[in-house]
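First listed ligand is number 1; within each ligand, the first listed atom is number 1. Note that the numbering runs from 1 along the sequence shown for the chain. These figures come from a predicted structure and were not determined experimentally.
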Amino acid sequence: MAVLDNIGYRALTEESACEYVKSLKLFLPDEKMTVEEIGDGNLNYVYRITSNHKSVIIKQALPYAKVVGESWPLTLKRAKLEAEVLKKHGEFVPHLLPAVLASDEELALTVMEDLSHLTIVRDGLIQGDHYPNLSAHIGEYLAKTLFSTSDFALHPFEKKKLVAKFSNPELCKITEDLVFTDPFFDVETNDFEAELAEVVQQLWTNDKLKLEVAKIKYAFLTEAESLLHGDLHTGSIFASKSETKVIDPEFGFYGPIGFDVGQYIAHLIFQVLVRNENDRIVILQQIEEVWDVFSQYFSEAWQNSVVNPFTKVPGALESFLAKVFKDAIGVVGCELIRRTIGLSHVKDLDGIEDSSIRLYVKKATIQLGSSLIINRKNIVTISQLLKELEAYTS
Ligand SMILES: Nc1ncnc2c1ncn2[C@@H]1O[C@H](COP(=O)(O)OP(=O)(O)O)[C@@H](O)[C@H]1O
Ligand SMILES: CSC[C@H]1O[C@H](OP(=O)(O)O)[C@H](O)[C@@H]1O
């Protein structure tokens with residue numbers, strides 16, 4: 001992190017968080033307010049401030065990663081980047097994002113709409129809740145944000161301006177390491193039970209697998225297709241039966257579309273792997289639906305596009321969607337593996353209390369991840385993906 005990042009910065013306290021929102025005139029000067037720190041993520045503090053008649057959220061970045069502490073410095077610029085991604089994506093899908101009420105680059109914070117009436121999707125799915133509109137909404141979110149920020153929608157000057165504006169090297173490096181590198185090597189920060197050592201050793205010595213991961217990582221490093229969310233797991237989505245809101249795009253940058261699509265599908269797959277046969281059907285349907293809705297909206301936008309004459313060439317759309325799908329399957333494989341044996345796990349797997357079931361599911365997750373990475377060229381439809389999953393569920 002550049003030293004100058006920090007000038008004027010101070011970490012909020014509960015008291016100064018209240019003062020701050022009062023200074024924005026979001027509350028009356030004499031209004032009685034309560035404040036609570038509710039952040040459960042890896043990186044930032046989140047304050048919920050309420051009075052009798054309203055509530056807001058302040059999310060503040062620290063100059064380091066909260067989960068590790070000061071030994072892992074991290075740029076404060078991520079807060080501004082997150083607010084800017086919310087605003088840019090908000091141009092296309094305002095109904096699927098929290099409203100940004102204010103942002104402050106110096107204090108590295110964003111004030112936004114309080115979504116506490118909704119549930120974090122990961123928690124809801126773990127407790128067996130069903131969100132009938134979730135994948136239709138996420139499919140729409142993915143198609144509209146990713147198409148509208150791509151070369152298929154923007155003049156090349158505008159697109160390149162956005163690529164520069166949303167440069168996010170420090171946060172990308174975390175993904176490059178934690179998703180696409182460390183789990184495939186014997187690195188200290190990896191985190192897995194001793195009983196998985198044999199399966200993990202097989203990964204580390206599998207050069208065929210590593211060669212494919214190298215290609216997927218290279219796409220992440222080099223393919224500036226669209227402005228991604230960059231961390232679209234089920235912990236970054238709030239939902240109810242009718243509403244869906246995507247939060248936390250601080251890993252946003254210009255990258256391959258298949259990354260966002262693949263991360264979302266991967267986190268639905270964790271639920272496929274932990275549920276019994278009857279309960280998993282709704283999740284399999286959600287996986288099918290997100291791809292169907294994404295490709296439907298993306299195709300409509302493509303057909304209306306006037307920027308790029310090649311969009312009119314027969315087969316161009318199908319060829320691009322096939323590329324996105326293949327990229328997504330590779331990302332699914334890497335995400336399944338990293339959340340099982342790397343730094344930063346998911347509650348879906350770690351929360352399985354019975355250790356023999358937990359280890360069984362984790363081994364299946366690693367094997368499924370490897371198979372998807374290696375065979376991704378042969379998995380070209382969502383039905384083929386669902387068929388592949390069958391072999392790893394009991
Ligand atoms: N707009 C919001 N409304 C209500 N709660 C929120 C909001 N934004 C974040 N939170 C809460 O804070 C938690 C952490 O937020 P998140 O943006 O994921 O932080 P991090 O970047 O540290 O992962 C969320 O899981 C949620 O419980
Ligand atoms: C130490 S960063 C690891 C992990 O944390 C981020 O998750 P979140 O901000 O949603 O808690 C992101 O997924 C990173 O890969």
Side-chain angles (χ1 to χ4, degrees), residues 17 21 35-50 54-62 64-76 78-79 81-83 85-86 90 96-103 108-124 126 168 170-183 187 189-191 220 228-240 243-253 259-260 262-264 266-267 270 331 334-335 337-347:
V21 288
V35 57
E36 199 188 349
E37 204 284 310
I38 58 167
D40 60 358
N42 287 319
L43 300 179
N44 304 293
Y45 281 115
V46 178
Y47 295 94
R48 178 166 189 253
I49 301 171
T50 39
K54 74 184 296 186
S55 59
V56 297
I57 295 290
I58 302 186
K59 175 169 173 178
Q60 186 178 40
L62 303 159
Y64 52 87
K66 185 176 82 178
V67 68
V68 176
E70 291 182 39
S71 62
W72 188 345
L74 199 53
T75 179
L76 291 172
R78 67 189 195 270
L81 189 128
E82 175 170 342
V85 177
L86 283 173
L96 298 175
L97 301 171
V100 174
L101 307 175
S103 63
L109 64 78
T110 306
V111 185
M112 65 184 120
E113 179 187 1
D114 182 14
L115 302 170
S116 303
H117 61 293
L118 305 174
T119 305
I120 288 288
V121 166
R122 186 185 310 288
D123 298 338
I126 290 172
N168 195 1
E170 284 193 41
L171 282 281
C172 283
K173 178 73 166 59
I174 292 177
T175 305
E176 289 151 21
D177 291 343
L178 297 192
V179 181
F180 295 119
T181 313
D182 299 350
V187 169
T189 51
N190 285 328
D191 175 17
F220 182 84
L228 307 187
H229 177 283
D231 194 24
L232 191 62
H233 55 77
T234 47
S236 298
I237 306 170
F238 268 111
S240 66
E243 242 186 312
T244 306
K245 300 273 185 183
V246 174
I247 61 164
D248 197 16
E250 77 191 301
F251 284 78
F253 80 113
F259 184 76
D260 273 0
Q263 273 210 320
Y264 175 69
H267 286 259
F270 288 121
V331 169
C334 294
E335 185 70 10
I337 291 173
R338 67 78 64 129
R339 296 286 184 184
T340 312
I341 64 167
L343 183 76
S344 181
H345 287 193
V346 287
K347 278 188 262 180

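- Taking CD1 from Ile126 and NZ from Lys347, the interatomic distance works out to 5.5 Å, rounded to the nearest 0.5 Å.
- Between Arg338 and ligand 2, an N or O atom pair is found at a separation short of 3.5 Å.
- Proximity to Val67 (heavy-atom distance under 4.0 Å) selects the following atoms of ligand 2: 1 (C).
- Judged as a side chain to side chain donor-acceptor pair (under 3.5 Å), and not counting sequence neighbours, the contacts of Ser55 are Asp114.
- Within the structure, the closest approach of His345 to ligand 2 does not fall below 4.0 Å when heavy atoms are considered.
- With a 4.0 Å heavy-atom cut-off, ligand 2 is reached by no atom of Ala65.
- When the side chain to side chain donor-acceptor pair (under 3.5 Å) test is applied to Asn44, the partners found at least two apart in sequence or on another chain are Arg78, Glu250.
- Side-chain atoms of Asp231 and His229, non-hydrogen and from C-beta on, do get closer than 4.5 Å to each other.
- For ligand 1, the protein residues within 4.0 angstrom (heavy atoms only) are Ile38, Asp40, Gly41, Asn42, Leu43, Asn44, Val46, Ile57, Lys59, Met112, Glu113, Asp114, Leu115, Ser116, Ile120, Phe238, Ile247, Asp248, Glu250.
- Listed by number with element, the atoms of ligand 2 under 4.0 angstrom from any heavy atom of Ser344 are 3 (C), 4 (C).
- Within a 6.0 Å sphere centred on NZ of Lys54, heavy atoms belonging to other residues, nucleotides or ligands number more than 12.
- At a heavy-atom distance under 4.0 Å, only side-chain atoms of Arg339, from C-beta outward, approach ligand 2.
- Ligand 2 lies out of reach of Thr175, whose nearest heavy atom is not under 4.0 Å from it.
- If you check which protein heavy atom lies closest to atom 13 (O) of ligand 2, you get Asp231 OD1, 2.8 Å.
- In this structure Thr110 satisfies the side chain to side chain donor-acceptor pair (under 3.5 Å) test with no other residue, sequence neighbours excluded.
- Proximity of a side-chain donor or acceptor of Gln263 to a complementary backbone N or O of Leu232 within less than 3.5 Å is detected.
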Just do the side-chain contact (heavy atoms from CB on, under 4.5 Å) check on Leu171 and Leu43 with the steps written out, would you?
-> CA-CA 11 Å; Leu171 282 281; Leu43 300 179; 4.3 Å; yes

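- At distances below 3.5 Å, not a single donor-acceptor pair connects side-chain atoms of Asn190 with backbone N or O atoms of Leu343.
- The shortest distance between side-chain heavy atoms of Tyr264 and Ile237 falls below 4.5 Å.
- Formation of a donor-acceptor pair under 3.5 Å by the Glu335 side chain with backbone atoms of Ala266 is not found in this model.
- Taking any N or O of Asn42, backbone or side chain, at least one lies under 3.5 Å from an N or O belonging to ligand 2.
- Residue Leu178 has at least one heavy-atom neighbour below 4.0 Å for each of these atoms of ligand 2: 3 (C).
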Audit row: Leu74, Ile174, side-chain contact (heavy atoms from CB on, under 4.5 Å) steps and yes/no = CA-CA 10 Å; Leu74 199 53; Ile174 292 177; 3.8 Å; yes

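- When atom types are taken as modelled, the side chain of Glu113 and the backbone of Ala99 share a donor-acceptor pair closer than 3.5 angstrom.
- For Asp248, every heavy-atom contact with ligand 2 shorter than 4.0 Å involves the side chain, none the backbone.
- Geometrically, ligand 2 and Trp72 share no nitrogen or oxygen pair separated by less than 3.5 Å.
- Which parts of ligand 2 touch Phe251 is read off a 4.0 Å heavy-atom cut-off, strictly below it: atoms 6 (C), 12 (C), 14 (C).
- Near Gly41, meaning under 4.0 Å from any of its heavy atoms, are these atoms of ligand 2: 11 (O).
- Given atom 10 (O) of ligand 2, the protein heavy atom at minimum distance is His233 NE2, 2.8 Å.
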